[in-house]
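First comes the structure, then the notes that go with it.
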Amino acid sequence: MNKNKYDTYKFGLVTASAFVIANMIGTGVFTSLGFQLLATTNFVSILLLWLFGGVIALCGALVYGELGAAMPRSGGEYHYLREIYHPVLGFMAGWASLIVDFAAPVALASMALSNYMAGVFPVLDPMWVAIVVLALVTLVHAYDVKMGGAVQRCFTFFKIVVILGFIICGFILPTQKQDLSASFSTFSLDDIFSTGFAVSLVWVYYAYSGWNASAYMANEIRDPQRTIPRSLFISTLIVTVLYILLNTVFMLSTPVDAMAGQVEVGLIAAQHIFGTTLGNFMGMMVALLLVSSISSMVFLGPRVSQVMGEDTYILRALSRKNSKGIPTVAIWVQFFISLLLIITNSFEMVTKYTGITLSFFAMLTVAGVFVHRRRFPDAPRPYKTWGYPVVPCIFIILILWSIVYLVREDYVSTFVRKTQPVMWMSLMSLLTLLTGALLYIWNQKIVNRRKKQYDN
């Protein structure tokens with residue numbers, strides 16, 4: 001009786017939206033501005049970056065809403081690409097999700113949280129702070145689905161309240177605000193087509209990553225055909241507005257030199273807005289906000305791995321659930337991958353690697369709406385993409401543009417500037433794709449061999 005109770009528990013629109021918002025508002029918005037300022041310090045360019053990021057995420061959310069309503073099963077890109085194109089492409093996306101889409105962002109959020117805490121309490125060891133927080137959050141989600149959902153709602157509500165408070169205080173409190181008016185006269189459209197802008201867009205897209213979160217947990221949602229599209233659209237719109245306002249506050253309250261190249265941008269801005277003591281307190285609040293992001297990704301990632309385990313013989317252990325319906329094996333596998341990434345302690349490299357891989361599979365999925373409509377014209381579509389076909393085309397063009405420039409930047413850094421020995425980011429992304437394809441081929445050979453043995 002107890003097992004059925006947990007197996008049938010489903011999340012509604014509020015909790016689904018909470019997972020999306022928590023998944024989006026995390027490491028990126030509190031860390032990426034520092035790296036963007038290395039490419040451009042123009043306020044207008046920065047705002048356009050965040051606006052473009054919001055447009056990309058909103059276009060993607062509208063398309064994923066249609067795909068999620070037409071194919072309401074957990075798994076996200078893994079499930080969509082598998083059904084639309086070919087199982088091998090779905091498997092590669094799922095493999096990337098296992099390593100990159102969730103484990104890497106979980107590691108990054110844990111590392112960002114530890115950097116914030118170490119900025120307030122220098123005596124703390126950042127690596128151990130990150131590991132302890134990751135372990136505690138994982139234990140919560142490995143224990144109970146319902147409790148995990150309640151924790152997610154509370155932390156997400158807390159996150160929005162703190163961010164709104166931060167924005168309001170950022171506009172009112174600073175006595176010495178930065179003069180941003182010169183940016184309007186010095187801004188040129190050429191800035192948008194520069195390498196720095198395109199590479200910075202990858203940082204921004206990483207900050208928006210998570211707009212597709214509820215698509216990964218369709219099996220856990222009540223009435224997914226209606227709830228998924230609504231949760232994606234509402235959450236993405238809210239986050240876009242908050243991101244633009246928050247980055248305006250960062251630029252208005254804090255000198256560019258203080259933020260450029262720094263990870264803990266939120267803490268630095270808080271110290272300029274509130275003073276050192278209150279600023280440190282707000283820095284701790286920002287660190288606590290990241291718990292919500294970690295929690296969301298710790299919950300969502302294993303749902304993709306679980307579905308992969310259900311479909312793939314060599315990964316079947318990932319599909320195992322405990323008596324409460326929780327995919328515990330998948331949860332702890334993701335934990336150990338995140339743990340390894342935390343130990344490497346390479347924030348910038350992991351972020352870029354995550355950004356390019358996430359972008360590639362999201363682009364293929366959005367392009368898949370054209371293929372799905374053509375291959376399955378009679379499939380039920382409770383929701384259709386608003387603005388089709390323009391909306392998916394905008395997403396594809398902007399993502400492809402940023403990927404091309406990112407690979408180009410990797411090439412220039414290796415062979416022109418010679419600041420790195422090899423094209424690490426491109427090679428890591430390519431290696432992820434190849435290992436996924438090889439694992440799929442290996443799995444198919446094992447399955448075919450077992451079928452022959454069974455037939456004989």
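What you see is a predicted model; the values in this text were computed from it and never measured.
- Formation of a donor-acceptor pair under 3.5 Å by the Thr236 side chain with backbone atoms of Phe233 is not found in this model.
- Side-chain atoms of Glu83 and Tyr78 include no donor-acceptor pair closer than 3.5 Å.
- Between Leu246 and Ile25 there is no side-chain heavy-atom pair separated by less than 4.5 Å.
- Residues Asp410 and Gln420 bring a donor and an acceptor atom of their side chains to less than 3.5 Å of each other.
- The side-chain heavy atoms of Trp95 and Thr435, taken from C-beta on, include a pair separated by under 4.5 Å.
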Counting only pairs under 3.5 Å, give me each side-chain donor-acceptor contact of residues 259-266, with atom names and distances, residues two or more places apart or in other chains.
none

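- Under the side-chain contact (heavy atoms from CB on, under 4.5 Å) criterion, Val55 pairs with Cys59, Ile394, sequence neighbours left out.
- Remark: Phe335 engages Trp332 in a ring-ring contact (aromatic ring centres under 6.0 Å, His included) (not counting sequence neighbours).
- For Phe370, the ring-ring contact (aromatic ring centres under 6.0 Å, His included) partners at least two apart in sequence or on another chain are Tyr388.
- With contacts defined as side-chain heavy-atom distances shorter than 4.5 Å, the pair Val407/Met423 qualifies.
- Using modelled atom types, one side-chain atom of His272 and one backbone atom of Ile268 make a donor-acceptor pair closer than 3.5 Å.
- Sequence neighbours left out, the pairs with a member in residues 177-188 that pass side-chain hydrogen bond (donor to acceptor under 3.5 Å, both in side chains) are Asn42-Thr186, Asp179-Ser181.
- A donor-acceptor pair is defined here as one N or O able to donate and one able to accept, closer than 3.5 Å; such a pair exists between the side chain of Ser114 and the backbone of Pro126.
- For the residue pair Gln36/Ser32, the side-chain donor-acceptor check at 3.5 Å is satisfied.
- Between the side chain of Thr312 and the main chain of Met308, a donor-acceptor pair closer than 3.5 Å is present.
- The ring of Phe43 has its center no closer than 6.0 angstrom to the ring center of Phe187.
- Although no hydrogens or angles enter the test, the distance criterion places no donor-acceptor pair under 3.5 Å between the side chain of Ser429 and the main chain of Thr357.
- In this structure, Tyr208 and Trp50 have tilted ring planes: the angle between them lies in the 30° to 60° band.
- Residues Val88 and Arg82 are not in side-chain contact: their nearest non-hydrogen atoms beyond the backbone lie 4.5 Å or more apart.
- Within a 6.0 Å radius of CZ in Phe157, no more than 12 heavy atoms belonging to other residues, nucleotides or ligands are found.
- Heavy-atom neighbours of Arg408 CZ from other residues, nucleotides or ligands within 6.0 Å: at or below the threshold of 12.
- Relative orientation of the Phe193 and Trp401 rings is tilted, given thresholds of 30° and 60° on the angle between their planes.
- Relative ring orientation between Phe91 and Tyr440 is described as tilted, the plane-to-plane angle lying within the 30° to 60° band.
- Judged as a salt bridge (Lys or Arg N to Asp or Glu O under 4.0 Å), the pairs with a partner in residues 380-404 (not counting sequence neighbours) are, in order, Glu66-Arg381.
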